[in-house]
A.B. asks: 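I am attaching a structure below and will ask some questions about it afterwards.
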Amino acid sequence: MKITLIAVGKIKEKFFRDAVAEYAKRLSKYCKLEIVEVADEKTPDKPSPAEENAVKEKEADRIFKYLKEDAYVYTLEILGDKEDSVAFAKQIEDIGISGKSHIQFVIGGSLGLHERVGRRADKKLSFSDMTFPHQLMRVILLEQIYRAYRIISKEPYHK
C-alpha cells in the first residue's frame with residue numbers, strides 16, 4: 001500500500017520534524033509513505049470571508065496537483081467522522097482488500113480546506129472537536145496510521 005500525506009505548509013519546529021521522521025521510519029515496514037508539502041498562502045490580518053475563500057482556493061489548486069484519480073482520499077476536517085483506532089484500522093484494511101493500492105490523506109492550512117477538496121474526499125475524518133496545530137496533526141495522523149498497521153498485523157501496541 002502507498003500512503004501519501006498531502007499537507008499545506010512546512011514544519012518549522014525540529015521536534016515535529018523528528019516525530020514525523022520517526023513515524024515514517026516505523027511505517028516503512030508496512031507501506032510506502034510519501035509526504036508532500038504544498039505552500040501555504042499568506043493570510044491577511046482579519047481576512048474577510050472572500051479573502052479566506054481566496055486563500056483556501058489557491059491552496060486547493062496546489063493540493064489538486066497531487067491528488068490521484070485512483071487513490072482513496074481522506075480529508076482531515078473538524079466536521080468529519082470520528083473513528084476509534086480499531087475502526088480506522090479496519091477502514092485501511094478494507095480499502096486494501098477492495099483493490100485500492102493508494103490512500104491519500106489531506107491536511108489543510110490554517111483556514112482549513114476549500115470545499116472543493118472536501119468534495120473530492122472519499123472520507124472526511126475528524127480526530128477531535130478541538131483544533132490542533134497543523135504540524136502536530138501530521139504527527140497524530142502518522143501515529144494513528146502506524147497504530148492501524150499494528151492492529152491489522154495483530155501486533156501489540158500500547159493503548
A.B. asks: Is there a chain of hydrophobic side chains (I, L, V, M, F, W, Y, each step under 4.5 Å between heavy atoms) that links Tyr30 to Ile35?
C.D. replies: yes
A.B. asks: Residues two or more places apart in sequence or in another chain: which of them pass ring pair (Phe, Tyr, Trp, His ring centres under 6.0 Å) with Phe16?
C.D. replies: none
A.B. asks: Take a 6.0 Å sphere around NZ of Lys100 and say whether it holds more than 12 heavy atoms from other residues, nucleotides or ligands.
C.D. replies: yes
A.B. asks: Is there a salt bridge (charged side-chain N to carboxylate O under 4.0 Å, His left out) between Lys46 and Glu51? Walk through the geometry before answering.
C.D. replies: CA-CA 9 Å; Lys46 298 182 183 174; Glu51 289 171 320; over 6 Å; no
A.B. asks: Is it true that Asp61 and Arg116 have a side-chain N and a carboxylate O under 4.0 angstrom from each other?
C.D. replies: yes
A.B. asks: From Lys124 NZ over to Leu76 CG, what is the distance, rounded to the nearest 0.5 angstrom?
C.D. replies: 12.5 Å
A.B. asks: Mind checking the CG-CD spacing from Asp122 to Gln91? Nearest 0.5 Å is all I need.
C.D. replies: 11.0 Å
A.B. asks: Examine Ile95 and Ile151 and state if one hydrophobic cluster contains both, with Ile, Leu, Val, Met, Phe, Trp and Tyr joined whenever side-chain heavy atoms are less than 4.5 Å apart.
C.D. replies: no
A.B. asks: How close do Leu113 and Glu77 get, counting heavy atoms only, and between which atoms?
C.D. replies: CD1-CG, 4.1 Å
A.B. asks: Can you tell if the side chain of Asp129 reaches within under 4.5 Å of the side chain of Lys82, non-hydrogen atoms only?
C.D. replies: yes
A.B. asks: If the threshold is 4.0 Å, N to carboxylate O, is there a salt bridge linking Lys56 and Glu115?
C.D. replies: no
A.B. asks: Just checking, is any N or O donor in the side chain of Glu34 or Tyr66 under 3.5 Å from an acceptor N or O on the other one?
C.D. replies: no
A.B. asks: Inspect the contact between Arg62 and Glu41 and indicate whether a charged nitrogen and a carboxylate oxygen are less than 4.0 angstrom apart.
C.D. replies: yes
